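Have a look at the structure below, then the notes.
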Amino acid sequence: MIRRAALLLVLLSLCCAPAALAGKYDQDVPGSKDIPGLPRYEGSVILGYKLDQYDEAALPLGKWVNASAGWEKSEKVEGRRTRILYLAPPDRSSLEVMRNYKIALQKLGYQTRFECSDETECGRSVGNAYFNSAARNRLGGKQVVEYAFSLAVEDPRLLTARLDKDGAVSDVFVFAARQDNAADSAAGRRVAVFVQEVLSGSMENKMVLVDAGEMGKSLDERGRVALYGVLFDFDRAEVKPESRPQLEEMAKLLKAKPGLKVYIVGHTDNQGGLDYNLKLSQRRAEAVAAALAKDFGVASGRMSAKGLANLAPVASNASEEGRAKNRRVELVEQ
């Protein structure tokens, strides 16, 4: 009787353990989110997430060779780099997952640059493109995230695609394979998906130069005016030389109205953490005030720099067009 009871307990534990373990991975990791505009495979969960405001990555355009050589053919790109590790729902194949990504990207206007399936086309041990840290794809933080594609990688599939629109270039790399995980078996025996986007370039500046007269009118009527002619590089607070025409008009306004005091307010889109964006937008606002004082003779006491990050959007951050509208400098009457 005792032996039977013990055996029953063992069988029950073997039966129920996988389901219990799987429950650990049914929610996105805190602070993570999908790449704006890019869908996830339905039912997937984010295990790992990393956003770098400016970084570089090698886009695969040929099969994987090894950790030392990397890809047989690749292209280096730079820009805002987002990396996400998804865990697909159980009982899904890498074929189904990748086909859904390809269709979704095509509908968005992406052009496929390279794709492959199985190790014959993608390269032997192509899972090491993620797992081997020398490849610069592997995400840290937790062992289960670091050890994706570490064991029994089966049916690997890879896709590289590009969207070039309005001066912004989005390069997307998707790698999917059924895999086991050396850190936790509950994160294995199913398809993991590594998705990376590198967004480079900048949206074409379609905003017209706002002259001193228009700025004055907007301040009189609304108390503020949005300016898109003050430009910065990715993750930088130095005012670009191309900003001079707009700075000249700002100085002209302030000199024409000697009693006017203004807040110079920096705004960002919602990419990156709020604390980081608050500091970046503050530095940018301060850089504009400094340029007006140093290069155009505006008294610094008439200007107060403030950074609001992404707390006051004027458009949705779901698209690059909306994010471009949110990245701005405003003059606000004190």
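Please read all numbers here as calculations on a predicted model, not as lab measurements.
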Using the side-chain contact (heavy atoms from CB on, under 4.5 Å) rule, pick out the option among [options] that qualifies with [X].
X	options	answer
Y110	D164, T160, L105	L105
K50	I84, L139, L85	L139
V174	E115, Q196, M98	M98
R83	V198, D52, V195	D52

With no hydrogens and no angle check, is any side-chain donor or acceptor of [X] less than 3.5 Å from a backbone partner on [Y]?
X	Y	result
R157	S117	no
K63	T120	yes
R178	R189	yes
N277	L280	no
R162	V169	no
N181	V144	yes

What class does the angle between the rings of Y101 and Y86 fall in, given that below 30° is parallel, 30 to 60° is tilted and above 60° is perpendicular? tilted

With heavy-atom distances below 4.5 Å as the criterion, would you say the side chains of [X] and [Y] are in contact?
X	Y	answer
Y41	P89	yes
L219	L260	yes
R138	N132	no
D171	R113	yes
M250	V288	yes
L231	V239	no
N66	N128	no
D233	E238	no

If you take the centroid of each ring, where Trp contributes its six-membered ring, are F149 and F194 closer together than 6.0 Å? no

Neighbour count above 12 (heavy atom, 6.0 Å) for [X] [atom1]:
X	atom1	value
D91	CG	no
Q111	CD	no
K33	NZ	yes
K279	NZ	no

Start with the C-alpha distance between N317 and N326, add both sets of side-chain angles, then the distance that settles side chain to side chain donor-acceptor pair (under 3.5 Å), and finish with yes or no. CA-CA 8 Å; N317 279 299; N326 290 330; 3.0 Å; yes

Residues at least two apart in sequence or cross-chain that pass salt bridge (charged side-chain N to carboxylate O under 4.0 Å, His left out) with E146, listed by chain then number, are none

If you take all heavy atoms of S150 and Y147, which pair is closest and at what distance? OG-O, 2.5 Å

Heavy atoms of R81 and A57 approach each other most closely as NE-CB, 3.6 Å

With side-chain hydrogen bond (donor to acceptor under 3.5 Å, both in side chains) as the rule and sequence neighbours excluded, what pairs involving residues 282-298 come up? Q282-E286

Check the side chains of E197 and T82 for a donor-acceptor pair under 3.5 angstrom, ignoring hydrogens and angles. no

D34/Y49 under side chain to side chain contact (heavy atoms under 4.5 Å, CB included): CA gap, chis, key distance, verdict: CA-CA 9 Å; D34 295 320; Y49 175 85; over 6 Å; no

Inspect the contact between E249 and K252 and indicate whether a charged nitrogen and a carboxylate oxygen are less than 4.0 angstrom apart. yes

Chi angles and distances behind the salt bridge (Lys or Arg N to Asp or Glu O under 4.0 Å) call for D28, R40: CA-CA 12 Å; D28 293 347; R40 73 171 77 183; 2.8 Å; yes

